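All remarks here apply to the structure that follows.
All values reported here derive from a predicted model rather than from experimental measurement. Throughout, a chain's letter reflects where its sequence line sits, starting with A, and its residues are numbered from 1.
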There are 2 protein chains.
Amino acid sequence: MARLVMKFGGTSVANIERIRNVARHVKREVEAGNQVAVVVSAMAGVTNQLVGYCTEASKLHDAREYDAVVASGEQVTSGLLAIVLQDIGIDARSWQGWQIPLETDGAHGAARIMNIDGTKLIERISGGQVAVIAGFQGIGPDGRLATLGRGGSDTSAVAIAKAIEADRCDIYTDVDGVYTTDPRIVPKARRLEKIAFEEMLEMASLGAKVLQVRSVELAMVHKVRTFVRSSFDDPDTVGVDANGNPPGTLICDEDEIVEAQVVTGIAYSKDEAQISLRRVADKPGVAAGVFGPLAEANVNVDMIVQNTSADGSTTDITFTVPNADLARTLKVLEEAKEKIGATSIESAMDVVKVSVIGIGMRSHAGVASTCFEALASKGINIRAITTSEIKISVLIDAAYAELAVRTLHSAYGLDKH
Amino acid sequence: MARLVMKFGGTSVANIERIRNVARHVKREVEAGNQVAVVVSAMAGVTNQLVGYCTEASKLHDAREYDAVVASGEQVTSGLLAIVLQDIGIDARSWQGWQIPLETDGAHGAARIMNIDGTKLIERISGGQVAVIAGFQGIGPDGRLATLGRGGSDTSAVAIAKAIEADRCDIYTDVDGVYTTDPRIVPKARRLEKIAFEEMLEMASLGAKVLQVRSVELAMVHKVRTFVRSSFDDPDTVGVDANGNPPGTLICDEDEIVEAQVVTGIAYSKDEAQISLRRVADKPGVAAGVFGPLAEANVNVDMIVQNTSADGSTTDITFTVPNADLARTLKVLEEAKEKIGATSIESAMDVVKVSVIGIGMRSHAGVASTCFEALASKGINIRAITTSEIKISVLIDAAYAELAVRTLHSAYGLDKH
């Protein structure tokens, strides 16, 4: 017997037929003797339609009213899944955020979860009733509906799992797990059986769009074991891997990963632009002088590289922004140029960031040099390098992106056999 | 300064453009210095779609889950109208039934309103904020969403009007008021300036589909002055009648109708079938023996006529049912025939009930004879007659329906000049 949260996204509940498929997944877990809470998103397309109504109603709409409109999508799905579950003989009821209650802060439209009272849910699921929870929504301190922002249903699921002390949070999605890299680029990419929270965080924020970054952060903080698997598997005769588990990837504490790989995966992030400020003064406050105005202009700066000064008085700063923000970025920098004191501002579109990720590299030497040697062997020029404890990122020309990912994937022994 | 409830149905809020039109109606009242609460239905078509989902999910769906699904329609409209109002500079916020709270009984899917706490609404609207209330829904004793059944938004509006002690409840609909009879049949039908609650109740239940019967009952009990008008009038330059009022019909206490007409209107009810039981025993319990089994079979019996016995031992009973229920009715009666002791069961499809309605007939003699003479003058045969204090109904062949309605409309001086 285990206590589970099962989360299903919009494509998994896009119509009644798919909701029936979801119900069979739930039935399987109930019949295995598990206590189950299900978290659902709005039916695919519904949220976009509701957001469209709000935008048509007013470009500057009140976020509290937006929330009242948009939260209705998950409300509908929760009721429908409860009906379908009852129809196949499973005791179930729907729960809206305000009924639990799932309390948020007052940042309507992108609220943060403040507290979840799991008492009523635990009471019901302990009694054998499936709780079908509307994801993405809660109740604000003003007693009004609040939504968690895009991808909020993943966050709901992880937070609910914490609140009801679930053994695991199963995220059903349209892929069957987390891969060593993008299988569209590297056909030899392998599905990971397990990945540590920290690694997943890097993979998620770097473009492996399986799970929202926020939900991974939350899972890491509260150590919620999160299992990513496909909702399109046959629910009754779900395939199993060599270890008897259903196919999927468990995101968990690194302690649970007995034999950690040095490198777990290769991520990449496209459509970046590189900006280099040459010979800016090497003195306190210069970096703030660069990035302050960019933050005010709402430019999302990603990678930042600044080397130590060679001549003791000036240095170069390189950073990346989304391609779409390049023109705006250059405009901001031109205005600030005098203050920054750079001799020139150089930029390049169409660069790509490729990252090597692995918790094991904390305790293994030579991981970086393997990366640089592998890229050099294919004649790929590295424009910039940054590293963190569990990640090495290199900036290269976009034309070499696929080659670089494939090369690194092989170099770290990630190709499937 | 007045305190108003304004209610808009599904066709009036079918899209954002129409919601903007609704907002202009609201703005007009706010700018006239009135305190305003608005009650809205779901956008046209949305409720049917949601009900369709529930039916597809399961033929026998849990009414509590049905309510969670279906109540979302009004939730969306309330948020959108609040956004549009704010967009044109009107302070407004949406209210869900559970936020007010509007408390219902536990009869999910067709709940009755038990209590409305008007405190918060009064506080806000007194401060100049427009309350935009999701109609049709409330919160049950189980803390779950409850809907009031079809036409529930009218009932919400009247109940809210009572709760906030509104001076008037304005029902905006797709007609501009209540007419002396169906204008499609009698082009000379006049819009009534005022109609008494009791009269409206007869008109509504007899097929003048302007307002739900339930809402009229509620308005009568609580003496809520209810004004029916068109939502498609230009909100800014709304037309006025000879007395300076906007076109529409006020449903009010009879005391407010200074010079009551003897007859206010002519209603009719089509698609009825007549059944006559001949020579049933004239003894206690016979009527119960007839109508008990029909009630169990869910047959909606309308008009019932039983004359006093001529021979002291047997009598005839005549009643009407919807055409669609005739076959089922006859089957039930055949099974009960022996017990009832009728010599024969006769039936006729395609009869129509025509009713003459007017509070004034309580104090005026000769109203019935005018009816019978008028019909006789056109050679229309009366199959059966029933009367109440304020109504005379006759059952005639359907072929004569339009002729009868027109004839009676003229006979009681209702034709417009």
Side-chain angles (χ1 to χ4, degrees), chain A residues 13 15-17 19-20 23 42-43 46 49-50 52-89 91-96 98-101 108 120 132 134 137 139 142-145, chain B residues 13 15-17 19-20 23 42-43 46 49-50 52-89 91-96 98-101 108 120 132 134 137 139 142-145:
Chain A
V13 295
N15 54 47
I16 303 292
E17 195 191 322
I19 293 176
R20 277 193 220 289
M43 296 163 90
V46 167
Q49 187 191 23
L50 295 170
Y53 283 148
C54 291
T55 309
E56 191 186 343
S58 173
K59 291 237 152 41
L60 287 166
H61 41 255
D62 183 340
R64 294 166 298 188
E65 301 304 346
Y66 167 94
D67 280 351
V69 173
V70 175
S72 68
E74 282 71 18
Q75 180 175 322
V76 169
T77 319
S78 66
L80 292 177
L81 178 55
I83 290 173
V84 169
L85 282 169
Q86 293 173 0
D87 193 48
I88 58 170
D91 185 18
R93 76 154 271 193
S94 65
W95 291 87
Q96 308 309 315
W98 57 270
Q99 290 173 326
I100 295 173
H108 284 276
K120 282 192 280 185
V132 184
Q137 48 146 285
I139 183 167
D142 49 4
R144 300 185 65 179
L145 294 162
Chain B
V13 294
N15 53 46
I16 303 292
E17 195 192 323
I19 292 176
R20 277 193 219 291
M43 296 163 89
V46 167
Q49 187 191 23
L50 294 171
Y53 283 149
C54 291
T55 309
E56 193 187 343
S58 173
K59 292 237 151 45
L60 288 166
H61 41 255
D62 184 340
R64 295 166 298 187
E65 302 303 345
Y66 166 95
D67 280 352
V69 173
V70 175
S72 68
E74 283 70 17
Q75 181 174 323
V76 169
T77 318
S78 66
L80 291 176
L81 178 55
I83 290 173
V84 168
L85 283 168
Q86 291 173 1
D87 193 49
I88 58 171
D91 184 18
R93 77 154 270 195
S94 65
W95 290 87
Q96 307 312 314
W98 57 270
Q99 290 172 327
I100 295 173
H108 285 274
K120 283 193 280 184
V132 185
Q137 48 145 284
I139 183 168
D142 49 4
R144 302 185 64 178
L145 295 161

Name the option with the most non-hydrogen atom pairs under 4.5 Å to chain B; the candidates are A:Ala23, A:Ser58, A:Ala82. A:Ser58

Test side chain to side chain donor-acceptor pair (under 3.5 Å) applied to A:Glu56 - qualifying residues, sequence neighbours left out: none

If I measure from the heavy atoms of chain A, does B:Ala134 come under 4.5 Å with its side chain, its backbone, both, or neither? neither

Who among A:Gln86, A:His61, A:Lys59 has the most heavy-atom pairs with chain B under 4.5 Å? A:Gln86

Counting distance only, does the side-chain N/O of B:Gln137 pair as donor-acceptor with the main-chain N or O of B:Gln96 below 3.5 Å? no

If we ignore angles and hydrogens, is there a donor and acceptor under 3.5 Å between the side chains of B:Glu65 and A:Ser94? yes

Judged by atom type as modelled, is there a donor-acceptor pair below 3.5 Å linking the side chain of B:Lys120 to the main-chain atoms of B:Gln99? yes

When A:Val132, A:Asp87, A:Thr77, A:Asp67 are compared by non-hydrogen pairs under 4.5 Å with chain B, the top option: A:Asp87

Go through the atoms of B:Leu85 and report whether side chain, backbone, both or neither lie under 4.5 Å from a heavy atom of chain A. neither

Taking side chain as everything from C-beta outward and backbone as N, CA, C, O, which of these in B:Ile19 sits under 4.5 Å from a heavy atom of chain A? Side chain, backbone, both or neither. neither

I'd like to verify something: which residue of B:Ile16, B:Val70, B:Val69, B:Leu81 has the highest number of heavy-atom pairs under 4.5 Å with chain A? B:Ile16

Where does B:Ile88 contact chain A at under 4.5 Å (heavy atoms): side chain, backbone, both or neither? neither

Can B:Asp142 and B:Arg144 be counted as an ion pair, charged N to O under 4.0 angstrom? no

Per-residue contact mode, B:Arg93 against chain A (heavy atom under 4.5 angstrom): both

Minimum-distance pair of heavy atoms, taken over all atoms of B:Arg20 and A:Ala57: NH1-O, 3.1 Å

Would you call B:Val76 and A:Leu50 a side-chain contact if the rule is heavy atoms closer than 4.5 Å? yes

Heavy-atom distances under 4.5 Å only: say whether A:Trp95 touches chain B with side chain, backbone, both or neither. neither

The interface call for A:Leu145 against chain B, heavy-atom contacts under 4.5 Å, is both

Report yes if the side chains of A:Met43 and A:Leu80 come closer than 4.5 Å at any heavy-atom pair, otherwise no. yes

Under a 4.5 Å heavy-atom cutoff, which of B:Asn15, B:Asp62, B:Val84, B:Leu60 has the most pairs with chain A? B:Asp62

